[in-house]
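Worksheet for the structure shown next.
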Amino acid sequence: MRFDVVSVFPGMFEPLLNFGVVGRAIAGGLLEVRLHDLREFAHDRHRQVDDMAYGGGPGMVLKPEPIFEAVDAIKPENPGPVILLEPWGEPFTQALARELAGEPGVTLVCGRYEGIDDRVREGLAAREVSIGDYVLTGGELPAMVVIDAVARLRPGVLGEPESLDRDSFTADLVGYPQYTRPAEFRGLKVPEVLLSGNHRSIEAWRRQEAARRTKARVAGRTSARSGKS
Ligand code: ADE
């Protein structure tokens, strides 16, 4: 699968691309992430990609031309959807991650400043996606969140594919509590059932705990409920 990312700060993505599961997937050829510096698509001497807002008001708006040109250059090699990362977009959920993991590629356009000229959304038939109801300084961190969540759903990216079946939200339940050695630490004990070796009891306990956690912590959140698909 291929991600194309359009950003004024492509360097921000280096840590994601060089570490952990995503780094390994790229090194192993399972995933490709192409970074495009929006300034490369500006034509003036100062490589300006933003301008003042029509109608006045504070802050600068990302100009449409460099973004259209960047996406025009990407499109022949990446036929997948174009996504703008914006705080008012549709919520990024596990269901949307699964949907995107079924695409051959995704183009992510990172907003900055006060926003992106709205003709980008309209003209590129782009989808707007938000990673949560808070405002970040740009779409780069949200784009990394999307890449990470989608990449791990691709075949071969996770070492143990069965861990996907146990993922939080996959079966409308979040994960059950996990423990590792030691069996007792500062007076805190691992639940007896997990030491019993009785796999049926362990499974039953895990189901019950996952249900309890779901009810207590995420029931009512849209992202938990829309995990169904
Ligand atoms: N840009 C700024 N804040 C954002 C958010 N919460 N989600 C997506 N893009 C953003």
Side-chain angles (χ1 to χ4, degrees), residues 1-17 20 22 31 33-39 41-42 48-55 57-68 70-71 74 78 80-103 105-153 168-169 174 217-218 220-227 229:
M1 175 172 198
R2 172 176 167 149
F3 286 97
D4 284 273
V5 180
V6 180
S7 163
V8 284
F9 296 127
M12 281 182 74
F13 289 80
E14 293 302 328
L16 174 71
L17 309 187
V22 172
L31 190 68
V33 180
R34 300 258 174 119
L35 303 172
H36 307 269
D37 185 345
L38 187 59
R39 291 193 194 284
F41 297 90
Q48 192 177 349
V49 293
D50 58 346
D51 207 341
M52 289 180 296
Y54 271 121
M60 302 289 273
V61 177
L62 285 180
K63 291 155 65 65
E65 309 94 309
I67 300 179
F68 272 85
V71 173
I74 291 163
N78 187 342
V82 177
I83 290 181
L84 312 182
L85 285 313
E86 297 279 20
W88 50 80
E90 64 182 292
F92 185 58
T93 59
Q94 191 65 23
L96 181 50
R98 270 199 296 276
E99 183 187 332
L100 297 178
E103 297 282 355
V106 175
T107 296
L108 299 166
V109 178
C110 305
R112 278 266 147 197
Y113 314 102
E114 289 303 304
I116 303 175
D117 187 301
D118 210 55
R119 287 167 291 186
V120 170
R121 178 188 54 76
E122 206 183 327
L124 297 177
R127 216 158 151 175
E128 291 175 303
V129 170
S130 163
I131 63 159
D133 289 343
Y134 40 80
V135 181
L136 301 167
T137 56
E140 284 77 10
L141 289 169
M144 286 187 250
V145 167
V146 170
I147 293 170
D148 189 286
V150 173
R152 65 186 289 287
L153 298 176
S168 289
F169 303 115
V174 298
R217 312 236 188 121
V218 294
R221 270 199 229 157
T222 51
S223 59
R225 282 183 284 124
S226 60
S229 73

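If you read the sequence from its start, that first residue is 1, and numbering goes on from there. Note that ligands are numbered from 1 as they come in the structure, with each ligand's atoms numbered from 1 the same way.
Between Cys110 and the options Val6, Val5, Ile116, a side-chain contact (heavy atoms from CB on, under 4.5 Å) holds for only Val5. Just one residue in the list Glu86, Glu103, Glu99 forms a salt bridge (charged side-chain N to carboxylate O under 4.0 Å, His left out) with Arg127, and that residue is Glu99.
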Would you list the atom pairs, donor with acceptor, under 3.5 Å between side chains in residues 61-68 and any protein atom, with sequence neighbours excluded?
none

Pairs under 3.5 angstrom, nitrogen or oxygen on both sides, ligand 1 versus protein: list them out, please.
residue	atom	partner	partner atom	Å
ligand 1	3 (N)	Leu136	N	3.0
ligand 1	6 (N)	Gly132	O	3.1
ligand 1	6 (N)	Tyr134	O	2.8
ligand 1	7 (N)	Ile131	N	3.0
ligand 1	9 (N)	Glu86	N	3.2

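Nearest heavy-atom pair, Val150 versus Ala97, reported as atom, atom and distance to 0.1 Å: CG2-O, 3.8 Å.
Contact check on Asp37 versus Arg39 returns no salt bridge, with no Lys/Arg side-chain nitrogen under 4.0 Å from an Asp/Glu carboxylate oxygen.
With Asn78 contributing its side chain and Phe3 its backbone, the two residues share no donor-acceptor pair below 3.5 Å.
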